[in-house]
Amino acid sequence: MTSCHIQAGHADSPVILHVPHASRSIPDTVRAGILLSHDELQLELDESTDTATDHIAVRAADLLESGRPRPWLAINQFSRLVIDPERFPGDDEPMNAVGRGAVYTRTCNRAPLRPEPATDAQRLMNTYYQSYATALADLVVDRIATTGGAVIIDVHSYPQQPSRFEDPNKSRPALCLGTDDFHTSNELREQALDAFAPLGDIATNTPYGGCYVPLNRYRHDRRVSAVMIELRRDQYLITPRTTETAKVETIARMLATLVDHCTPKVAAD
């Protein structure tokens with residue numbers, strides 16, 4: 001079983017739009033291990049879910065000019081409350097300290113989400129985390145084999161106000177650009193800044209930092225480039241579950257511009 005849905009792009013595109021946190025779906029077998037009431041869970045999902053980032057990514061792919069190679073999409077079908085595919089799987093994950101590692105045991109307000117230690121952690125890792133990681137790693141292998149490289153654009157959003165486990169003193173710009181010293185070149189960083197320049201308020205690696213790269217490529221394969229796009233949710237949401245259509249369209253066009261920047265022009269010939 002894999003919770004990662006791969007939507008095929010053009011054979012010549014190295015670009016992967018990765019959307020790990022857009023879903024609110026939780027399988028019944030996983031829900032049984034969560035301590036929250038129905039209403040408490042819905043509030044947690046409101047704060048934890050990167051609502052509509054999947055719609056933004058799909059729309060960006062649709063908006064590419066005719067003849068330009070469509071990017072590949074990798075979209076998590078389940079909530080991050082099942083597993084968080086972007087966390088390190090072991091003890092070296094910093095978010096373990098606040099119960100927000102690969103398997104969450106604490107809510108956004110630091111209340112218990114699962115028993116500590118989580119009794120179903122190994123099952124969740126085996127069933128969801130490993131298959132997700134394999135699907136992404138395999139897609140990257142395919143893109144490298146076909147195009148010579150892979151460009152992962154990590155698509156996220158975050159609330160205007162910090163969650164209780166976060167540092168309240170960090171700035172929260174309209175767009176947080178997550179970069180990695182090894183996998184984010186100056187060129188890719190500048191391409192992202194150019195594409196999202198209309199937002200005006202952009203900062204790098206604050207309040208969040210880094211970007212997703214499969215662990216078997218992390219910090220040793222420069223053929224894998226990556227950057228993270230973190231949109232502050234008031235830029236496109238009216239409520240935690242409701243989008244503002246015109247703003248979604250505008251942001252999708254910015255993302256499409258970044259995809260186009262990252263796609264070799266010769267690929268469309």
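Along the sequence shown, the residues carry numbers beginning at 1. Note that the structure is predicted; figures quoted are calculated from it, not measured.
- Taking the six-membered ring wherever Trp is involved, the centroid distance between the rings of Y218 and F88 falls below 6.0 Å.
- When all heavy atoms of N126 and Q130 are compared, the closest pair comes out as O-CB, 4.1 Å.
- Between Y128 and S3 the shortest heavy-atom distance is O-OG, 4.3 Å.
- Looking at D84 and R87, a side-chain N of the basic residue comes within less than 4.0 Å of a carboxylate O on the acidic one, giving a salt bridge.
- Checked for salt-bridge contact, R219 and D181 miss the test: no charged N lies under 4.0 Å from a carboxylate O.
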Worked verdict on D12 versus T146 for side-chain hydrogen bond (donor to acceptor under 3.5 Å, both in side chains): CA-CA 7 Å; D12 291 334; T146 305; over 6 Å; no

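- Ion pairing between a basic and an acidic side chain is recognised when a charged N comes within 4.0 Å of a carboxylate O; E47 and R80 show no such pairing.
- We find that R100 and E166 are not joined by a salt bridge, their nearest charged nitrogen and carboxylate oxygen being 4.0 Å or further apart.
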Under the side-chain contact (heavy atoms from CB on, under 4.5 Å) rule, what do Q77 and I75 come out as? Steps first, then yes or no, please. CA-CA 6 Å; Q77 300 300 286; I75 301 175; 3.8 Å; yes

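- We find the CG-CG distance between L231 and L199 to be 7.0 Å, quoted to the nearest 0.5 Å.
- Between R253 and E249 there is a salt bridge, since at least one side-chain N of the basic residue sits less than 4.0 Å from a carboxylate O of the acidic one.
- The two atoms that bring V58 and R70 nearest to each other are O-NH2, 4.2 Å, heavy atoms only.
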